[in-house]
Amino acid sequence: MRTRRGLRALTLALLFLILGGCLLLAERQIRLSGGETALTAAELPGGNAALYLPRAVPVAEALPAHDEEGDDGHRHEAVYTGGKMNAVMILSRGADGASVLAAELSRRGVAALIVNGENGREAWDWLTAQDFVRLSGTALAAPKGRSAEALDLADSLRGTGRECAAVILLGDAGTLRRAGGSDARNVLMFTGRADPAAEEAFFGSAVDAERGFSGYFSDGSARACVRGGGSFFSRRTLETVMDWQGSSLGHTVELPDDDLICGKLLLCRAWAGLCLLAAAGVLLCRRRIEEER
């Protein structure tokens with residue numbers, strides 16, 4: 001009897017684990033195929049990164065991950081011969097919604113490179129050196145914890161011919177003040193709480209701070225501050241980012257800003273998490289019952 005109950009508990013836990021795994025696979029499928037996105041690993045000088053490309057661009061042609069030996073005995077590297085596209089580099093910390101943001105960008109014809117390491121400058125140099133990237137249509141995005149790093153990188157690129165056409169940051173009052181002294185182009189800031197003094201420092205004017213926007217996209221002077229927006233998982237954050245990158249870089253694919261797949265992704269992740277918790281709960285209950293006996 002005990003053996004049968006134990007087997008039933010193990011079977012139930014296994015079913016929950018399988019269901020959770022299927023949901024995670026479904027989330028990935030929605031993020032890639034459903035999002036009209038192709039994902040590949042990019043080999044950078046300082047480590048690997050994840051590159052999201054619109055499916056209209058064959059990954060094998062756009063990104064030569066390695067070269068192959070031809071019939072003549074020489075090694076040949078694939079060269080991308082297609083058109084140029086806009087690109088966004090995302091400095092990620094993990095679990096910040098960077099993959100969701102990248103999927104939404106690629107649905108709009110924008111390449112997205114997610115960088116988890118501390119090699120931001122090397123990654124930017126690599127991205128802007130790719131044949132498929134339009135230099136005038138590049139942007140930089142970062143979550144909390146990497147926004148100051150992103151600002152430093154954006155400022156260091158001024159005058160190099162590889163400047164960011166837009167900078168999108170999730171930060172706080174300190175980041176907002178720091179951005180006030182930045183020469184970066186078309187800066188969009190998300191802050192957790194209202195801080196009128198920091199907002200005035202960012203805009204340089206109490207009137208603009210009250211309005212939450214100043215400048216022009218055409219000359220790179222556009223600035224906006226949005227209260228709230230803790231991660232790129234947020235639908236409101238993503239809608240604002242889609243609007244900002246489109247205004248700064250141009251709309252390659254005309255999708256409405258509110259046409260997002262993030263809701264489906266979060267639903268799959270949430271149910272997958274519940275399934276994994278249920279599996280753990282079944283195993284824990286089985287162990288306690290066995291111990292009591």
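Values below: all heavy atoms of this structure, side chains included; hydrogens, waters and symmetry mates excluded. Throughout, residue positions are numbered sequentially from 1 according to the sequence presented.
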Participant: Should Arg121 and Leu153 count as side-chain neighbours, where that means a heavy-atom distance under 4.5 Å?
Facilitator: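 The answer is yes; the side chains approach within 4.5 Å.
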
Participant: Please report the shortest heavy-atom distance between Asn86 and Gly250, naming the atom on each side.
Facilitator: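 Scanning both residues completely, I find the closest heavy atoms to be ND2-O, 3.6 Å.
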
Participant: Write down the atom of Trp244, the atom of Ala222, and the distance for their closest heavy-atom approach.
Facilitator: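 Closest approach of Trp244 to Ala222, heavy atoms only: CZ2-O, 3.8 Å.
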
Participant: Is there a donor-acceptor contact under 3.5 Å from the side chain of Arg146 to the main chain of Ser92?
Facilitator: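 Yes; at least one donor-acceptor contact below 3.5 Å.
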
Participant: Give me the atom names and distance for the closest heavy-atom approach of Asn186 to Ala165.
Facilitator: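 Closest approach of Asn186 to Ala165: ND2-O, 3.1 Å.
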
Participant: So which of Val187, Leu169, Thr191 actually passes side-chain contact (heavy atoms from CB on, under 4.5 Å) with Leu176?
Facilitator: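 When Val187, Leu169, Thr191 are each tested with Leu176, the side-chain contact (heavy atoms from CB on, under 4.5 Å) holds only for Thr191.
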
Participant: Evaluate the side-chain proximity of Asn119 to Leu44: yes if any heavy-atom separation is below 4.5 Å, no if none is.
Facilitator: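 Yes, side chains in contact.
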
Participant: Should Val88 and Leu101 be regarded as members of a common hydrophobic cluster, given that ILVMFWY residues are connected when their side-chain heavy atoms come within less than 4.5 Å of each other, either directly or indirectly?
Facilitator: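 Yes, because Val88 and Leu101 connect within a single hydrophobic cluster, where side-chain heavy atoms sit under 4.5 Å apart.
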
Participant: Do Asp152 and Arg178 pass the salt bridge (charged side-chain N to carboxylate O under 4.0 Å, His left out) test, and can you show the C-alpha distance, the side-chain angles, and the key distance before you say yes or no?
Facilitator: CA-CA 10 Å; Asp152 289 339; Arg178 162 73 178 79; 2.4 Å; yes

Participant: If you take all heavy atoms of Pro143 and Phe232, which pair is closest and at what distance?
Facilitator: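 In terms of heavy atoms, the two residues are closest at N-CE1, 4.1 Å.
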
Participant: Any chance you could measure Asp125, atom CG, to Leu157, atom CG, to the nearest 0.5 Å?
Facilitator: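 Result: 7.5 Å between the selected atoms.
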
Participant: For a 4.5 angstrom cut-off between non-hydrogen side-chain atoms, does His251 reach Arg108?
Facilitator: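 The answer is no; the side chains never approach within 4.5 Å.
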
Participant: Under 4.5 Å between side-chain heavy atoms, counting indirect links through other Ile/Leu/Val/Met/Phe/Trp/Tyr residues: same cluster for Phe217 and Leu135 or not?
Facilitator: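 No.
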
Participant: Would a distance-only check, ignoring hydrogens and angles, find a side-chain to backbone donor-acceptor pair under 3.5 Å from Ser106 to Ala103?
Facilitator: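 Flag set: sc Ser106 to bb Ala103 pair under 3.5 Å.
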
Participant: Is the terminal nitrogen or CZ of Arg223 (NZ for Lys, CZ for Arg) located under 6.0 angstrom from the six-membered ring centre of Phe203 and within 45° of that ring's axis?
Facilitator: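 Geometry flag: not set, cation outside 6.0 Å or 45°.
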
Participant: Would you compute the distance between atom CG of Leu140 and atom CD of Glu149 and round it to the nearest 0.5 angstrom?
Facilitator: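 Taking CG in Leu140 and CD in Glu149, the distance rounds to 8.5 Å.
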
Participant: Are any non-hydrogen side-chain atoms of Val226 and Met189 less than 4.5 angstrom apart?
Facilitator: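 They are not in side-chain contact.
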
Participant: What about Val241 and Ile114, same hydrophobic cluster or not, with Ile/Leu/Val/Met/Phe/Trp/Tyr joined at side-chain heavy-atom distances under 4.5 Å?
Facilitator: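 Per the 4.5 Å side-chain linkage, Val241 and Ile114 are co-clustered.
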
Participant: Would a 4.5 Å heavy-atom cut-off, applied to side chains only, mark Ser234 and Phe190 as touching?
Facilitator: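 Of all side-chain heavy-atom pairs linking Phe190 with Ser234, none is under 4.5 Å.
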
Participant: Do you know the tightest heavy-atom contact between Ala173 and Asp195?
Facilitator: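 That closest heavy-atom pairing would be CB-OD2, 3.4 Å.
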
Participant: Is there a side-chain contact between Trp124 and Leu113 in this structure, where contact means two heavy atoms from C-beta onward sitting under 4.5 Å apart?
Facilitator: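 Side-chain contact under 4.5 Å: no.
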
Participant: When you check the side-chain N and O atoms of Asp96 and Ser231, is any donor under 3.5 Å from an acceptor?
Facilitator: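 Side-chain D/A pair, Asp96 to Ser231: absent.
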
Participant: Restricting to non-hydrogen atoms, name the atom on Phe132 and the atom on Ala111 that form the minimum distance, rounded to 0.1 Å.
Facilitator: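 Heavy-atom minimum between the residues: CE1-CB, 4.1 Å.
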
Participant: Between CZ of Arg134 and CG of Leu249, what distance do you get to the nearest 0.5 Å?
Facilitator: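 The distance works out to 9.0 Å.
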
Participant: Are the side chains of Met89 and Leu91 in contact, using a 4.5 Å heavy-atom criterion?
Facilitator: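 Yes - at least one pair of side-chain heavy atoms lies under 4.5 Å apart.
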
Participant: Out of curiosity, does Val167 fall in the hydrophobic cluster containing Leu188 (side-chain heavy atoms, cut-off under 4.5 Å, transitive links)?
Facilitator: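 No, separate clusters.
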
Participant: Within a strict 4.5 Å, meaning less than it, do heavy atoms of the Val110 and Tyr52 side chains meet?
Facilitator: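 Not in contact.
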
Participant: Tell me which pairs pass ring-ring contact (aromatic ring centres under 6.0 Å, His included) where either residue lies in residues 94-118, with sequence neighbours left out.
Facilitator: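 Listed once each, the pairs would be none.
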
Participant: What residue pairs, at least two apart or across chains, pass salt bridge (charged side-chain N to carboxylate O under 4.0 Å, His left out) with a residue in residues 157-172?
Facilitator: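 Those involving residues 157-172 do not exist here.
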
Participant: Between Arg107 and Glu104, does at least one N-O distance fall below 4.0 Å, as a salt bridge requires?
Facilitator: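 Yes.
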
